[in-house]
Amino acid sequence: MKKSIFLKKLRMTTITTFRWYLALTFFIYGGAKIYPGQFPTGDFTYDSTKDSAMQLAWHFFGYSDTYNLFIAFGELTAALLLLIPRTATLGNIIYLPITVNITIIDYCFGIPALSISILLTCISISLLFLEYQKLKRIFFDAPVKVEWS
């Protein structure tokens, strides 16, 4: 097999693997926010001498069912778009700010899932770099003029 064909297949396999991994992860996290609910709901009392910053964050996110559904909808939409080849780049563009936000929250509140959120962010950024030519054509190249007769 020629080296160029091998590299092209390796690139496509990497892109597909990254997309499916990101999608599967967000399907799990998005689903967890809907049922049974990732965050606790109801009234709570926070004692800064006993409770962790993670408990505060979890109660904050659990306070509003609407907010939970909003987050879940964003994660599930990004995951679904990543699975469809024609919409995968758009899915990743939606995915990246969500996962960066999660990474910042994990870091600031000492949430143990920091390593996985960093991994998801790095994979999402890697996908953008792997699809640089496509993104360049969409956002930076001059549009093709179509003349109608």
Side-chain angles (χ1 to χ4, degrees), residues 1-42 52-149:
M1 182 181 327
K2 288 185 177 181
K3 184 178 178 181
S4 64
I5 294 173
F6 173 76
L7 291 175
K8 189 178 280 188
K9 286 186 179 197
L10 178 64
R11 181 179 175 277
M12 291 309 298
T13 302
T14 302
I15 289 171
T16 303
T17 303
F18 282 1
R19 285 177 180 163
W20 278 83
Y21 181 76
L22 294 176
L24 177 63
T25 305
F26 260 22
F27 273 127
I28 292 168
Y29 282 122
K33 286 173 183 64
I34 295 172
Y35 181 82
Q38 181 178 3
F39 306 114
T41 58
S52 68
M54 179 180 163
Q55 287 175 302
L56 176 64
W58 250 230
H59 281 292
F60 172 78
F61 288 120
Y63 182 77
S64 171
D65 289 332
T66 305
Y67 186 69
N68 266 327
L69 291 175
F70 175 75
I71 295 171
F73 178 75
E75 291 175 351
L76 294 173
T77 299
L80 182 63
L81 290 172
L82 277 165
L83 293 179
I84 303 167
R86 278 184 84 76
T87 62
T89 303
L90 175 61
N92 191 34
I93 290 170
I94 293 169
Y95 196 100
L96 183 60
I98 296 171
T99 194
V100 166
N101 185 48
I102 292 168
T103 302
I104 301 277
I105 290 168
D106 288 357
Y107 174 75
C108 292
F109 290 92
I111 297 170
L114 179 61
S115 58
I116 186 73
S117 62
I118 290 172
L119 175 65
L120 296 175
T121 300
C122 290
I123 291 173
S124 182
I125 291 169
S126 297
L127 271 178
L128 289 178
F129 280 122
L130 287 168
E131 297 184 322
Y132 170 76
Q133 291 301 324
K134 181 193 295 186
L135 293 168
K136 182 178 172 247
R137 280 193 313 271
I138 293 169
F139 292 110
F140 300 113
D141 288 351
V144 177
K145 289 187 178 184
V146 177
E147 294 194 27
W148 301 93
S149 320

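Remember, predicted model here, so these are calculated numbers, not experimental data.
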Determine whether Thr77 and Phe73 make a side-chain contact, defined as any pair of heavy atoms from C-beta on separated by less than 4.5 Å. yes
Side-chain heavy atoms of Thr14 within contact of Leu10, under 4.5 Å: yes
I want to check something: taking the side chain as every heavy atom from C-beta on, are Leu83 and Phe27 in contact at a cut-off of under 4.5 Å? yes
Once you round to the nearest 0.5 Å, how far does CE of Met12 lie from CG of Leu130? 10.0 Å
Looking only at heavy atoms, which two atoms of Ala72 and Gly30 are closest? And how far apart? CB-O, 3.5 Å
Interatomic spacing from CG in Asp106 to CG in Asn101 - rounded to 0.5 Å: 9.5 Å
Testing the basics here: between Gly91 and Ala78, what is the closest heavy-atom pair and its distance to 0.1 Å? O-CB, 3.8 Å
From OG1 (Thr25) to OH (Tyr21), nearest 0.5 Å: 4.5 Å
Side-chain donor-acceptor pairs of residues 119-129 under 3.5 Å, sequence neighbours excluded:
unit_1	atom_1	unit_2	atom_2	d
Thr121	OG1	Thr99	O	3.4
Thr121	OG1	Thr99	OG1	3.4
Thr121	OG1	Thr103	OG1	2.9
Thr121	OG1	Ser117	O	2.9
Ser124	OG	Asn92	OD1	2.5
Ser126	OG	Cys122	O	2.8

Measuring from atom CZ of Arg137 to atom CD of Glu131, what distance do you get when rounded to the nearest 0.5 angstrom? 10.0 Å
To the nearest 0.5 Å, how far apart are CZ in Phe26 and CG in Leu82? 9.0 Å
Interatomic distance, Ile98 atom CD1 to Ile94 atom CD1 [nearest 0.5 angstrom]: 7.0 Å
Ignoring hydrogens and angles, write down the donor-acceptor pairs under 3.5 Å from the side chains of residues 54-67, residues two or more places apart or on other chains.
unit_1	atom_1	unit_2	atom_2	d
Gln55	OE1	Ser52	N	2.8
Ser64	OG	Thr66	N	3.4
Ser64	OG	Tyr67	N	3.1

Are any of the side-chain heavy atoms of Leu7 and Arg11 separated by less than 4.5 Å? no
Could you walk me through whether Ile116 and Tyr29 pass the side-chain contact (heavy atoms from CB on, under 4.5 Å) check? CA-CA 12 Å; Ile116 186 73; Tyr29 282 122; 3.8 Å; yes
Is it the case that the side chain of Tyr95 and the backbone of Leu22 share a donor-acceptor pair, with hydrogens and angles ignored and the cut-off at 3.5 Å? yes
